Engineer: 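Before I ask anything, let me first share the structure, which is written out below as structure tokens.
All residue numbers in this chain count up from 1 along the given sequence. Predicted model only: the values in this text are computed from it and were never measured.
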Amino acid sequence: MSESIGAAKISIIIPAINEAGNIKKAIATTQANLNIEVIVVDGGSSDDTVAIAQSLNVKVISSSPGRAMQMNAGAVAATGEILLFLHADTRLPTGFDEMICTALQQPGTVAGAFKLRIDASLLSLRWVEWGVNLRSHFYQMPYGDQAIFLTKAVFQQIGNFPELPIMEDFELMRRLKAKGRIAIISTPVVTSARRWLQKGVFKTTLLNQIVIIAYLLGVSPKQIRRWYRREKFKKI
């Protein structure tokens, strides 16, 4: 990475659909300053997501729905040298910008993400965190809820997020791993427990593993998305 990365501007891209309950808190943790740009990419919200984001003086653009398409649209609109992809229900730690710049200056590092903490007290979620952080550290495979970051130049070189209906972060990481090291920052981001609580911790974890295995076996992402949305495997 360039020695000037320490002074680089960071564009924080937040894909959102109907995130009125989360978007304000997500933006609040971005610590807006002259070297931070926040871009909310709305995929067609029917609630107050857009109005709330606009009231907070951040850039708001629209795109077709789909997290990959929304994040790619945000990257096109970004003016920063570094891109940080932040889920609307994930909160950044204090000092994240310095941590990112430091990580990207390490030799051989092409991208990075943060450790994960889930904002609920269930013991089972501590095991989920342990598994996620173990996978991230040893296999260098963080997922989107860990706030993936990389330079815009590298993002363009690998062809952006593949516009898949699911698994776009998994595929992006596979491509990045072929180019270099993925840094995992030891200070965690904090993500909402809502998807684990809605489906149950065990069911959600099991379904996630089935999705990964199915993808690696060549099942189409469209079919996997139907499974994930419980159109099938309703009793998992």
Engineer: Do the side chain of Thr49 and the main chain of Ser45 share a donor and acceptor less than 3.5 angstrom apart?
Structural biologist: no
Engineer: Check step by step if side-chain contact (heavy atoms from CB on, under 4.5 Å) holds for Leu116 and Thr191.
Structural biologist: CA-CA 7 Å; Leu116 185 72; Thr191 196; 3.5 Å; yes
Engineer: Without swapping roles, check the side chain of Asp48 against the backbone of Ala20 for a donor-acceptor pair under 3.5 Å.
Structural biologist: no
Engineer: Taking all heavy atoms of Arg194 and all of Asn22, pick out the closest pair and write down the distance.
Structural biologist: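 Shortest heavy-atom contact: NH1-ND2, 3.2 Å.
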Engineer: Any side-chain heavy atom of Lys115 sitting closer than 4.5 Å to one from Ile184?
Structural biologist: yes
Engineer: Between the side chains of Glu129 and Arg117, is the shortest nitrogen-to-carboxylate-oxygen separation below 4.0 Å, so that they form an ion pair?
Structural biologist: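 No.
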Engineer: Going by the rule side chain to side chain contact (heavy atoms under 4.5 Å, CB included), which residues pair with Thr187 if we only count those two or more places apart in sequence or in a different chain?
Structural biologist: Pro93, Met99, Ile185
Engineer: I want to check something: taking the side chain as every heavy atom from C-beta on, are Leu84 and Ser11 in contact at a cut-off of under 4.5 Å?
Structural biologist: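 Result no, sub-4.5 Å side-chain heavy-atom pair not found.
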Engineer: Would a 4.5 Å heavy-atom cut-off, applied to side chains only, mark Val110 and Ile182 as touching?
Structural biologist: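 Contact flag for Val110/Ile182 side chains = yes.
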Engineer: If you compare all heavy atoms of Glu19 against all heavy atoms of Ala88, which two are closest, and at what distance to 0.1 Å?
Structural biologist: CG-CB, 3.6 Å
Engineer: Measure the spacing between CD1 of Ile100 and OG1 of Thr151 and express it to the nearest 0.5 Å.
Structural biologist: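 Nearest 0.5 Å value for the CD1-OG1 distance: 12.0 Å.
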Engineer: Can you see which heavy atom on Ala120 is nearest to which on Leu125, and at what distance?
Structural biologist: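 Minimum heavy-atom separation between Ala120 and Leu125: CB-CD1, 3.5 Å.
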Engineer: Go through the steps to decide whether Leu172 and Ile148 satisfy the test side-chain contact (heavy atoms from CB on, under 4.5 Å), and finish with yes or no.
Structural biologist: CA-CA 10 Å; Leu172 182 83; Ile148 294 167; 4.3 Å; yes
Engineer: Return yes if some donor-acceptor pair links the side-chain N/O of Lys177 with the main-chain N/O of Met141 below 3.5 Å, else return no.
Structural biologist: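 No, Lys177 side chain to Met141 backbone: no donor-acceptor pair under 3.5 Å.
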Engineer: Does any part of the side chain of Ile61, heavy atoms only, come nearer than 4.5 Å to the side chain of Gln70, both counted from C-beta?
Structural biologist: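 They are not in side-chain contact.
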Engineer: State, to 0.1 Å, how close Val41 and Ala73 come at their nearest heavy-atom pair, and which atoms those are.
Structural biologist: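 Closest approach of Val41 to Ala73: CG1-CB, 4.2 Å.
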Engineer: Is Leu122 close to Val201 at the side-chain level, that is, under 4.5 Å between some pair of heavy atoms?
Structural biologist: yes
Engineer: Answer with yes or no whether the side chains of Gln146 and Ser136 bring together a donor and an acceptor at under 3.5 Å.
Structural biologist: yes
Engineer: Between Arg175 and Glu168, does at least one N-O distance fall below 4.0 Å, as a salt bridge requires?
Structural biologist: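 Salt bridge: no.
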Engineer: For residues Leu150 and Val154, report the shortest heavy-atom separation together with the two atoms involved.
Structural biologist: CD1-CG1, 4.0 Å
Engineer: Side chains of Ile82 and Leu104, heavy atoms from C-beta outward: is any pair under 4.5 Å?
Structural biologist: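 Result yes, sub-4.5 Å side-chain heavy-atom pair found.
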Engineer: Look at Asp145 together with Arg195 and state whether they make a salt bridge at an N to O cut-off of under 4.0 Å.
Structural biologist: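 A salt bridge is present here (some side-chain N lies under 4.0 Å from a carboxylate O).
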Engineer: In the hydrophobic clustering that connects Ile, Leu, Val, Met, Phe, Trp and Tyr at side-chain heavy-atom distances below 4.5 Å, which members other than Leu217 occupy its cluster, ordered by chain and number?
Structural biologist: Ile213
Engineer: Side chain of Gln105, backbone of Cys101: donor and acceptor closer than 3.5 Å?
Structural biologist: yes
Engineer: Just by modelled atom types, is the Ala193 backbone N or O under 3.5 Å from a matching donor or acceptor in the Asp119 side chain?
Structural biologist: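 Such a contact is found between Asp119 side chain and Ala193 backbone.
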Engineer: Taking the side chain from Lys203 and the backbone from Trp196, do they hold a donor-acceptor pair closer than 3.5 Å?
Structural biologist: no
Engineer: With rounding to the nearest 0.5 Å, note down the distance linking CG in Asn18 to CG in Asp47.
Structural biologist: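 These two atoms lie 4.0 Å from each other.
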Engineer: For a quick test of reading the model, state the closest non-hydrogen atom pair linking Ala26 to Leu86 and the distance between them.
Structural biologist: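 Smallest interatomic distance, heavy atoms only, reads O-CD2, 4.2 Å.
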Engineer: Using side-chain heavy atoms (C-beta onward) and a distance below 4.5 Å, is Asp42 in contact with Ser63?
Structural biologist: no
Engineer: Without swapping roles, check the side chain of Gln106 against the backbone of Thr102 for a donor-acceptor pair under 3.5 Å.
Structural biologist: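 Side chain of Gln106 to backbone of Thr102: a pair is present.
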Engineer: Taking the side chain as everything from C-beta on, heavy atoms only, tell me whether Thr79 gets closer than 4.5 Å to Glu37.
Structural biologist: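 Sidechains of Glu37 and Thr79: in contact.
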Engineer: Donor-acceptor pair, distance only, cut-off 3.5 Å: does the side chain of Glu81 make one with the backbone of Ala8?
Structural biologist: no
Engineer: Applying side chain to side chain contact (heavy atoms under 4.5 Å, CB included), name anything that partners Lys25, two or more places apart in sequence or on another chain.
Structural biologist: Arg91
Engineer: Parallel, tilted or perpendicular for Phe85 and Phe161, by the 30°/60° rule?
Structural biologist: perpendicular
Engineer: Going through the distances and angles, do Trp127 and Val132 end up as a side-chain contact (heavy atoms from CB on, under 4.5 Å)?
Structural biologist: CA-CA 9 Å; Trp127 283 103; Val132 167; over 6 Å; no
